[in-house]
Amino acid sequence: MLSPTLALLLPLLAAVPAHAISGKTYPTWDCCKPGCGHSGSGGSYNRTTMIGAPQVCDINNTPFSISAGLAAAPGCGQSGTAYLCDTYAPIIASDSLSYGFAIFRDKSACCKCFELTWKSGSPAAGKKMQVQAINVGGDKTTNGANDVIIYTPGGGVGPVYDGCRQQYGKSWGKTVGGVESRAGCAELPQNLQAGCYWRWNWAKGDLNGWDVDYKQISCPTTLENISGCSV
């Protein structure tokens with residue numbers, strides 16, 4: 001017979017799969033309102049399992065309320081007022097662990113968290129990153145079904161090119177991959193530079209096509225406090 005404590009824990013353990021998924025990582029920073037922060041369900045996102053919604057900001061990085069953020073039209077392609085908050089830049093916890101936010105292809109991933117372990121990209125191999133999904137999709141012409149696109153300023157705007165031009169007046173580096181060296185980070189606005197330097201100072205490279213294994217985890221409080229959402 002199960003103890004009461006174990007009986008309570010079993011549903012939680014079952015909700016977080018332990019098996020690892022293999023994919024590749026890529027960087028992005030398109031300045032666009034995160035897909036999981038849109039109202040409704042379906043399309044390229046699914047909000048049915050979410051508590052709250054990812055924080056959305058105006059052009060000056062001032063957060064909307066949850067209801068206003070859900071309703072606000074994106075600044076990308078729709079001449080709206082909603083953009084990606086600068087607080088979604090990576091955070092260094094230690095030399096071997098960072099926190100951040102990402103795009104996954106799985107439509108049910110919104111606000112779930114995952115721990116990534118790089119398998120290539122020396123000297124990043126072996127380092128870990130705990131990320132929360134705030135968007136789903138990606139460029140199907142370049143990203144595989146299991147790839148993880150990490151939000152990092154200066155990481156490239158991808159297929160939606162006008163978000164950063166609307167919010168900051170320009171974009172930086174290549175469309176895919178963004179700035180190509182640490183020196184390129186100096187071109188970004190001051191509020192985004194630390195997140196750009198993260199790639200070169202902590203990950204020690206561009207993240208493009210690096211092999212990674214990842215598995216779902218319980219969300220760190222650090223990430224939930226920034227995004228305002230959970231599952």
Side-chain angles (χ1 to χ4, degrees), residues 27-91 99-114 130-139 148-172 188-196 198 218-231:
T28 192
W29 192 269
D30 59 10
C31 301
C32 297
K33 176 182 178 178
C36 300
H38 287 267
S39 60
S41 61
S44 61
Y45 49 89
N46 188 339
R47 300 193 61 254
T48 57
T49 61
M50 294 164 50
I51 300 171
Q55 188 174 81
V56 175
C57 288
D58 67 13
I59 198 169
N60 297 311
N61 286 292
T62 301
F64 287 102
S65 67
I66 291 178
S67 58
L70 287 169
C76 298
Q78 298 184 32
S79 300
T81 59
Y83 295 89
L84 184 71
C85 301
D86 59 4
T87 51
Y88 287 130
I91 300 168
Y99 296 114
F101 298 87
I103 302 172
F104 288 79
R105 288 281 292 276
D106 183 356
K107 293 181 180 180
S108 69
C110 283
C111 295
K112 294 178 181 178
C113 291
F114 303 85
Q130 295 180 355
V131 300
Q132 186 176 42
I134 58 170
N135 202 350
V136 294
D139 187 346
V148 183
I149 308 172
I150 297 171
Y151 280 109
T152 175
V157 296
V160 186
Y161 63 87
D162 62 340
C164 293
R165 293 180 186 178
Q166 294 286 351
Q167 189 176 16
Y168 294 104
K170 64 178 296 185
S171 56
W172 312 277
L188 274 66
Q190 189 69 37
N191 62 311
L192 298 181
Q193 287 184 12
C196 182
W198 169 84
S218 298
C219 280
T221 302
T222 297
L223 298 180
E224 290 183 341
N225 287 345
I226 293 170
S227 70
C229 74
S230 60
V231 291

Gln132 and Ser227: which non-hydrogen atoms are nearest, and at how many Å? OE1-OG, 2.6 Å
Backbone N/O of Gly155 and side chain of Thr28: donor-acceptor pair under 3.5 Å: no
Taking all non-hydrogen atoms of both residues, which atom of Leu192 and which atom of Pro153 are closest, and how far apart? O-CB, 3.3 Å
Heavy atoms, side chains only, cut-off 4.5 Å: are Tyr88 and Gln55 in contact? yes
Compare all side-chain heavy atoms of Cys76 with those of Cys164 and state whether any distance is below 4.5 angstrom. no
For the student: nearest non-hydrogen atoms of Gly195 and Thr152, plus distance: O-OG1, 3.0 Å
What I'd like to find out is whether the side chain of Ile103 reaches to under 4.5 Å of the side chain of Tyr151, using heavy atoms alone. yes
In this structure, CG of Asp86 is separated from CG of Leu188 (nearest 0.5 Å) by 11.5 Å
Is there a side-chain contact between Leu84 and Cys32 in this structure, where contact means two heavy atoms from C-beta onward sitting under 4.5 Å apart? no
Flag side-chain contact, heavy atom, 4.5 Å: Trp198 against Ile91: no
Report yes if the side chains of Cys111 and Pro54 come closer than 4.5 Å at any heavy-atom pair, otherwise no. yes
Distance col, row Met50:CE vs Ser230:OG, nearest 0.5 angstrom, shows 9.0 Å
Full working for side chain to side chain contact (heavy atoms under 4.5 Å, CB included) between Ile226 and Phe101: CA-CA 10 Å; Ile226 293 170; Phe101 298 87; 3.7 Å; yes
Roughly how far, to the nearest 0.5 Å, is the NE2 atom of His38 from the CG atom of Leu70? 9.5 Å
Do Cys36 and Cys229 have their SG atoms less than 2.5 Å apart? no
Looking only at the SG atoms, are Cys85 and Cys57 under 2.5 Å from each other? yes
Heavy-atom closest pair (Cys110 atom, Val231 atom, distance to 0.1 Å) is O-CG1, 3.4 Å
Tightest non-hydrogen contact, residues Phe64 and Ala82, listed as CE1-CA, 4.0 Å
Hey, does the side chain of Lys33 reach the backbone of Gly69 with a donor-acceptor pair shorter than 3.5 angstrom? yes
Shortest non-hydrogen pair, Leu223 vs Tyr99, comes out as CD2-CB, 3.7 Å
For the CD1 atom of Ile134 and the CZ atom of Phe104, what is their distance to the nearest 0.5 Å? 11.0 Å
Taking side chain as C-beta onward, heavy atoms only, is Cys113 less than 4.5 Å from Gln130? no
